[in-house]
Amino acid sequence: MERESSSDEEDDRQTLIHQNDIIKQSCSSPTTTTTTFHIQDQDHDHDHDDAATHLRYNDYHHQRFSFWGFSGNNNINGRRRRRYLYLLAAFLPLLILILYFITDIRYVFSLNLLNFHNQQDSLSDLMIDSELRALYLLRQQQLSLFALWNQTSTANSNSNSTTLFQDAILNQISFNKQIQQVLLFSHRTGANFSDQTDPTAAAFDDRCRKVSSQIPRRTIQWNPNKNKFLFAICLSGQMSNHLICLEKHMFFAALLNRVLVIPSAKVDYQYNRFLDIQHINACVGRNVVLSFDDFLAYTKNRPRIDSFLCYFSLPSPCFVDEEHVKKLKQQLGLSMGGKLESVWHEDVKKPTKKTLQDVQATFASDGHVIAIGDVFYADLEQDWVMQPGGPIAHNCKTLIEPSRLIMLTAQRFIQTFLGNNFIALHFRRHGFLKFCNGKKPSCFYPIPQAADCITRVVDRANAPVIYLSTDAAESETSLLQSLVVVNGNTIPLVNRPPRNSAEKWDALLYRHGIEGDSQVEAMLDKTICAMSSVFIGASESTFTEDILRLRKDWGSASMCDEYLCQGEQPNFIADSE
């Protein structure tokens with residue numbers, strides 16, 4: 001191994017010396033004529049100088065190619081290549097450093113970045129141009145839709161189809177505005193269509209405006225004879241039916257110039273818990289109504305009905321059963337001067353229109369106290385009865401309204417949970433399925449369909465919350481809540497919560513001992529609904545009808561008020577039994 005190593009070093013030394021000689025000779029002999037390689041055996045002796053010259057030239061070129069590793073011994077050339085690679089690796093950083101100082105590399109990269117940004121800017125400009133073009137087209141569509149809406153509005157048509165068409169147009173305008181706002185979101189520093197410059201804003205503002213009646217009321221003065229009384233009988237349905245019946249009895253009393261006696265709690269509701277009796281007298285300006293206790297005191301505990309007259313003869317006289325007649329006699333101590341008397345042939349299922357002259361002529365009596373059976377179904381001067389404020393002259397908004405305690409409690413609840421802009425929904429369900437399916441068309445809607453109808457009203461009214469007055473089970477209200485969604489936002493359905501001492505909105509009811517009373521709570525529900533911005537009622541429900549009466553009388557009725565799914569039929573109806 002040592003001899004081989006020593007031999008390799010000697011060969012390298014000889015090669016370097018030989019290469020040096022060649023370089024020197026080439027420097028002294030600048031011209032060379034031979035261009036052909038003559039590969040000879042290195043141990044062969046040459047006698048001629050030309051042969052030696054060719055050999056040295058050939059060795060020179062051989063060394064040049066060996067530098068790059070194209071020829072020669074593999075072991076020797078491998079070591080040489082490694083040496084040169086080491087040298088190259090050592091000098092490469094120095095070379096890059098020199099290039100950095102003599103060349104502005106940042107300029108080279110900046111050119112590429114500039115080209116990239118130019119491409120991005122060009123794409124951004126195209127997007128902006130497209131968005132602005134889309135905004136322009138949407139604006140033109142918005143104005144065209146608004147012009148069409150104006151044409152339908154000036155048509156003065158009150159048909160349901162026209163109303164639905166107008167709503168459809170406004171819905172499209174609403175979608176149009178939403179798209180505009182989405183496109184404008186990325187241009188917040190640019191133009192924005194504010195309500196001041198948007199001609200459709202007024203249409204949306206007026207969409208659910210309050211209903212104002214400019215028609216003068218047609219009224220009758222109520223000037224009762226102090227010694228003449230009308231004893232009201234109300235039996236049909238629940239409290240709402242009784243209130244409507246009581247209101248009609250007031251009209252009868254005014255026509256007959258009698259003081260109306262409010263029914264006793266022993267045979268009817270405890271009206272003084274949720275109605276302010278003295279409010280009626282104050283509005284009319286004289287004593288026109290009297291509680292049964294005051295009437296009992298007036299008669300010195302000897303109450304008597306001189307005549308018991310029946311407005312309806314069918315299905316039973318006065319629409320009063322024998323059980324109620326017994327209660328009047330036994331529990332109230334009333335004596336009667338005769339039997340129940342039908343003044344004409346009238347069926348509660350098919351009432352005929354009557355005039356005030358009909359009533360005045362038919363029910364005229366010299367008796368001090370007369371009783372008139374249930375008049376809930378009476379069709380008497382409906383144009384008078386249904387006008388805002390009712391048919392009787394007075395200086396208040398309405399005669400029959402919730403008590404002051406209930407009014408204040410409703411206001412406190414609204415201030416606590418709802419605010420000034422809310423929708424009220426009377427969602428009647430309990431016992432309504434069979435009742436509605438007996439109607440043509442039915443008024444009981446599947447919850448998904450009801451939710452869709454409610455959502456359309458919410459979108460028109462632009463209200464953030466709904467007050468829910470309902471007798472529905474939690475399974476139904478939970479499903480309804482999940483489906484009332486507008487623009488991706490769930491609209492909360494708010495119920496009156498159970499009493500909580502930390503909440504003070506119901507403190508007045510608690511302090512006066514009327515909290516938990518079912519009739520007080522029902523009247524509280526009505527009052528909250530009557531104060532809403534928009535009301536959705538249940539068709540065929542007298543609870544809803546009494547709310548509509550209050551809204552009409554108070555001036556809170558809205559153009560968007562409607563029955564649930566008004567104009568639609570349920571998309572599924574169960575078979576009858």
Side-chain angles (χ1 to χ4, degrees), residues 217-234 242-243 245-272 275-311 318 328-329 331-338 340-341 343 355-375 378 380-381 384-385 389-401 403-404:
R217 288 176 59 216
R218 181 188 178 190
T219 60
I220 183 174
Q221 294 293 327
W222 191 357
N223 296 308
N225 187 320
K226 294 181 179 180
N227 297 319
K228 300 289 184 178
F229 299 93
L230 171 62
F231 194 90
I233 303 292
C234 294
H242 286 224
L243 290 177
C245 172
L246 194 63
E247 184 181 27
K248 291 184 177 181
H249 268 300
M250 290 168 54
F251 191 25
F252 275 75
L255 292 174
L256 299 174
N257 296 321
R258 291 178 176 269
V259 176
L260 182 68
V261 179
I262 304 297
S264 169
K266 294 180 180 180
V267 294
D268 204 335
Y269 293 111
Q270 193 169 349
Y271 289 101
N272 62 348
L275 290 182
D276 190 347
I277 303 301
Q278 293 306 315
H279 164 79
I280 301 173
N281 292 328
C283 290
V284 177
R286 59 188 66 90
N287 291 330
V288 293
V289 295
L290 194 68
S291 69
F292 180 79
D293 291 339
D294 290 339
F295 172 70
L296 193 62
Y298 176 81
T299 61
K300 299 179 180 180
N301 294 324
R302 298 176 62 183
R304 174 183 173 81
I305 297 178
D306 298 315
S307 299
F308 206 132
L309 307 177
C310 300
Y311 187 96
C318 290
L328 292 176
K329 293 178 178 180
Q331 297 187 23
L332 301 183
L334 279 171
S335 61
M336 297 186 183
L340 278 62
E341 179 184 353
V343 298
T355 66
L356 59 91
Q357 291 83 7
D358 294 333
V359 171
Q360 289 172 331
T362 306
F363 290 90
S365 175
D366 293 331
H368 288 289
V369 180
I370 66 171
I372 297 180
D374 198 312
V375 292
L380 172 65
E381 301 287 2
W384 281 32
V385 174
I392 299 172
H394 58 83
N395 55 14
C396 298
K397 290 182 177 179
T398 186
L399 292 180
I400 296 181
E401 68 177 16
S403 67
R404 181 65 176 165

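Keep in mind the model is a prediction, meaning the values are calculated, not measured.
- Applying the ring-ring contact (aromatic ring centres under 6.0 Å, His included) rule to Phe308 yields no partners; only residues at least two apart in sequence or on another chain are considered.
- Remark: the backbone N or O of Val289 is paired with a side-chain donor or acceptor of Asn281 at under 3.5 angstrom.
- Among the candidates Leu255, Leu260, Val261, Leu256, the single residue satisfying the side chain to side chain contact (heavy atoms under 4.5 Å, CB included) test with Arg258 is Leu256.
- Atoms CD1 and CD1, on Ile233 and Ile372 in that order, are 10.0 Å from each other to the nearest 0.5 Å.
- How far CG of Leu296 is from CG of Leu334: 8.5 Å, rounded to the nearest 0.5 Å.
- Between Pro391 and Glu381, every side-chain heavy-atom pair lies at or beyond the 4.5 Å cut-off.
- Exactly one residue among Glu247, His279, Met250 makes a side chain to side chain contact (heavy atoms under 4.5 Å, CB included) with Leu399. That residue is Met250.
- Residues Asn287 and Val259 have side chains not in contact (no heavy-atom distance under 4.5 Å, counting atoms from C-beta outward).
- Formation of a donor-acceptor pair under 3.5 Å by the His368 side chain with backbone atoms of Asp306 is not found in this model.
- The shortest distance between side-chain heavy atoms of Phe292 and Asp268 does not fall below 4.5 Å.
- Here Asp294 pairs with Ser291 under the side chain to side chain donor-acceptor pair (under 3.5 Å) rule; sequence neighbours left out.
- A donor-acceptor pair under 3.5 Å links the side-chain atoms of Ser264 to the main chain of Lys266, judged by distance alone.
- For the ring-ring contact (aromatic ring centres under 6.0 Å, His included) test, residues two or more places apart in sequence or in another chain that qualify with Tyr311 are Phe252, Trp344.
- At least one side-chain heavy atom of His394 sits less than 4.5 Å from a side-chain heavy atom of Arg217.
- For the pair Thr299/Arg304, no side-chain contact is recorded, criterion being any heavy-atom separation below 4.5 Å from C-beta on.
- Put simply, CZ on Arg302 and OG on Ser335 are 8.5 Å apart, with the number rounded to the nearest 0.5 Å.
- Taking the six-membered ring where the residue is Trp, Tyr271 and Tyr269 present perpendicular rings, their angle passing 60° and hence far from 30°.
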